[in-house]
Amino acid sequence: MSGKQTSRRGFLKSGGAVAGLVAAPPALGLGGAAAAAQGPEVFDNNDLESVLYGRRSRFVTTTREVEGRSHYQTPRVRPNPQRPSARTPLADLVGTITPTPLHFTTQHYYGIPDINPAEHSLMIEGLVDRPLVFTLDELRRFPFVSRAYFLECIGNRPNPRATTVTGTHGRMGCSEWTGVPLSVLLDEVGVQAGASWIIAEGADGGRHTKSVPLAKALDDVLVAYGQNGEPVRPDHGFPLRLVVPGFEGIYNVKWLKRIKLVDKPYLSFQEHSRFLTPDPKTQRDSYDFGPNSVITRPSGEQQLQTSGMHVISGLAWSGGGRVSRVEVSTDGGATYREAELAGPVLPKAHTRFFLPWRWDGGEAVLQSRCLDERGQLQPTEAEYARYWNLTRGQLYGTIQSQLGYCNWIQPWKVAADGKVTNGLEPTDVVVDVHA
Ligand SMILES: Nc1nc2c(c(=O)[nH]1)N[C@H]1C(S)=C(S)[C@@H](COP(=O)(O)O)O[C@H]1N2
Ligand SMILES: [Mo]
């Protein structure tokens, strides 16, 4: 093992090693802790259980990260603390699709329902010609699409207190969703003149409800039954969920059971409880999320072992469509270079980028910025604050959902000893609510 390690480093030092690095990642749990940790037991890769339902190597131990308490002044709103939310371990992932068991999950109030798909149905009613109830079986008889879309909670925000990229951006994932375009079902029921919004409702105890503009519903919204090639898992809405590409996560109603066509948006509980703000200049709803990106490697708590060739890699995405360009800076934003986009660049989906980088062993500040196909450029923290006329205290002391989409740039600082830490200036108060 150490022999291999040494020879790989020798190879890297001798240069021209970028391809080697990509072809032979040391382990998915990059650097130190995760790579060193091992599963609790030795299991047999050849047993029937592994044949029937594949499992990962016992040397890969990455898990989701359970959400801690919100800021101490934030009242405990969840009566079901046994079922916390959890973040995606972004630093340990490669590519663009989030493995479903590692996809973040946000849970409001009532836990995960145990739904028998044979007894579940979707009702579409309200301002329609023919109210209809669709069983799962009936939905499977309609034309469908499979599309990769990111799903992100408004609770994601660069955070000076967070030590890892999971802490700053772990409330997101990207899946291939399969389902019936809502436009197809709306065609079936016949939308009446005067309808301009839909209300979507879930079957969880809290009856999670969200208003969605009809124009969006007719555009690219899906009634999804598949996620990454299998039925949507219970965490994520089994057996049916709404997928509202590029919009705030809260729109993506899980355990979807009812859609009502209405003539105006309704302020549901979820929409007023933590989403209203006294300042009319700040937005209540985040429709299309703006351009965003973050470096996942190297990122907080990772350790560069040696100077020389590295690859800086991360994710870029935008609710406004495709990522058109990602730029990476190694000097805290003084200069930027264009990164390469690895893999397909799909609208409203995570796009993996990388930039080969020769580390000279000195201090560096790594950060990325995304330009999307609408020409929108990801702002710095200072630009964001100036635009909304907010102090740094307000930027981090306000609940995320009351600020709007927090897409400013997240820098990572590399010290001379190779240790990577959060590059944002410290601040006194950080409110962190997983909305
Ligand atoms: N029925 C229902 N749908 C829901 C929620 C919920 O609590 N109940 N949470 C919403 C929020 S705030 C987010 S960010 C996403 C999270 O989806 P995920 O758990 O599949 O990652 O689901 C949304 N849909
Ligand atoms: Mo959310």
Side-chain angles (χ1 to χ4, degrees), residues 64-67 70 77-81 83-90 97-115 120 122 149-157 166 169-177 179 198-212 221-228 230-259 268-275 284-287 289 317 319 350 399-406 432-435:
R64 290 194 285 215
E65 190 176 295
V66 171
E67 297 268 19
S70 300
V77 290
R78 284 175 171 69
N80 182 11
R83 223 304 170 167
S85 301
R87 297 179 170 129
T88 304
L90 292 171
I97 296 296
T98 312
T100 311
L102 296 177
H103 188 286
F104 91 103
T105 174
T106 294
Q107 197 44 52
H108 292 282
Y109 311 107
Y110 291 96
I112 308 260
D114 181 35
I115 297 176
H120 190 80
L122 169 64
Y149 290 123
F150 76 81
L151 172 60
E152 183 179 14
C153 180
I154 191 79
N156 256 356
R157 168 170 58 184
T166 297
H169 291 80
R171 293 164 180 151
M172 66 172 180
C174 182
S175 297
E176 184 204 67
W177 300 100
I198 68 165
I199 306 175
E201 184 185 300
D204 42 341
R207 292 184 166 216
H208 181 94
T209 304
K210 191 78 182 89
S211 301
V212 183
V221 172
L222 301 181
V223 173
Y225 46 74
Q227 181 179 7
N228 298 329
E230 63 174 357
V232 171
R233 291 194 179 195
D235 276 358
H236 305 293
F238 182 82
L240 275 187
R241 92 173 296 169
L242 206 62
V243 172
V244 184
F247 276 33
E248 192 177 310
I250 199 169
Y251 285 88
N252 297 257
V253 177
K254 304 192 271 192
W255 314 295
L256 180 68
K257 71 164 197 187
R258 190 157 77 109
I259 289 176
S268 70
F269 170 69
Q270 286 86 352
E271 291 172 85
H272 72 65
S273 59
R274 277 156 299 138
F275 286 73
R284 178 174 71 83
D285 279 309
S286 301
Y287 294 145
F289 274 175
W317 66 101
H350 280 168
I399 293 175
Q400 297 94 312
S401 52
Q402 296 182 340
L403 275 184
Y405 190 42
C406 300
D432 187 38
V433 175
H434 28 96

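Keep in mind that the numbers below use all heavy atoms, side chains included, and drop hydrogens, waters and symmetry copies. Atoms within each ligand, like the ligands themselves, are counted from 1 in listed order.
Ring geometry, Trp317 versus His169: the interplanar angle exceeds 60°, so the pair is classed perpendicular (tilted spans 30 to 60°).
Residue-level proximity to ligand 1 for Ile154 is absent, since no heavy atom of it falls below 4.0 angstrom.
Listed by number with element, the atoms of ligand 1 under 4.0 Å from a non-hydrogen atom of Val253 are 3 (N), 24 (N). Those atoms of ligand 1 that come under 4.0 Å of a heavy atom in Trp255, given as number and element, are 1 (N), 2 (C), 8 (N). Proximity to Cys153 (heavy-atom distance under 4.0 Å) selects the following atoms of ligand 1: 14 (S). Set against the non-hydrogen atoms of His236, the atoms of ligand 1 under 4.0 Å away are 18 (P), 19 (O), 20 (O), 21 (O). Every atom of ligand 1 with a heavy atom of Phe104 under 4.0 Å away is listed here by number and element: 14 (S), 16 (C), 18 (P), 19 (O), 21 (O).
Not a single N or O atom of Gly202, backbone or side chain, sits closer than 3.5 Å to an N or O atom of ligand 1. By the 3.5 Å distance cut-off applied to N or O atoms, Asn252 is counted among the residues near ligand 1.
Considering every non-hydrogen atom in both Arg241 and Leu256, the closest pair reads CA-CB, 4.2 Å.
Within the set Lys254, Met172, Lys210, the minimum heavy-atom distance to atom 1 (N) of ligand 1 is found for Lys254. Of all the listed residues (His208, Glu152, His103, Arg233), His208 holds the heavy atom that lies closest to atom 6 (C) of ligand 1.
Under a 4.0 angstrom heavy-atom cut-off, Arg241 registers as being in contact with ligand 1.
Applying the side-chain hydrogen bond (donor to acceptor under 3.5 Å, both in side chains) rule to Trp177 yields no partners; only residues at least two apart in sequence or on another chain are considered. For His103, the ring pair (Phe, Tyr, Trp, His ring centres under 6.0 Å) test picks out His236, with sequence neighbours left out.
Using a 4.5 Å heavy-atom cutoff, the side chains of Trp255 and His208 are not in contact. At a threshold of 4.5 Å between non-hydrogen side-chain atoms, the residues Arg171 and Arg157 do not count as touching.
Separation of atoms CD (Glu248) and CD (Glu152) is listed at 9.5 Å; rounding is to 0.5 Å.
If you check the side chains of Thr105 and Asp235, you find no donor sitting under 3.5 Å from an acceptor.
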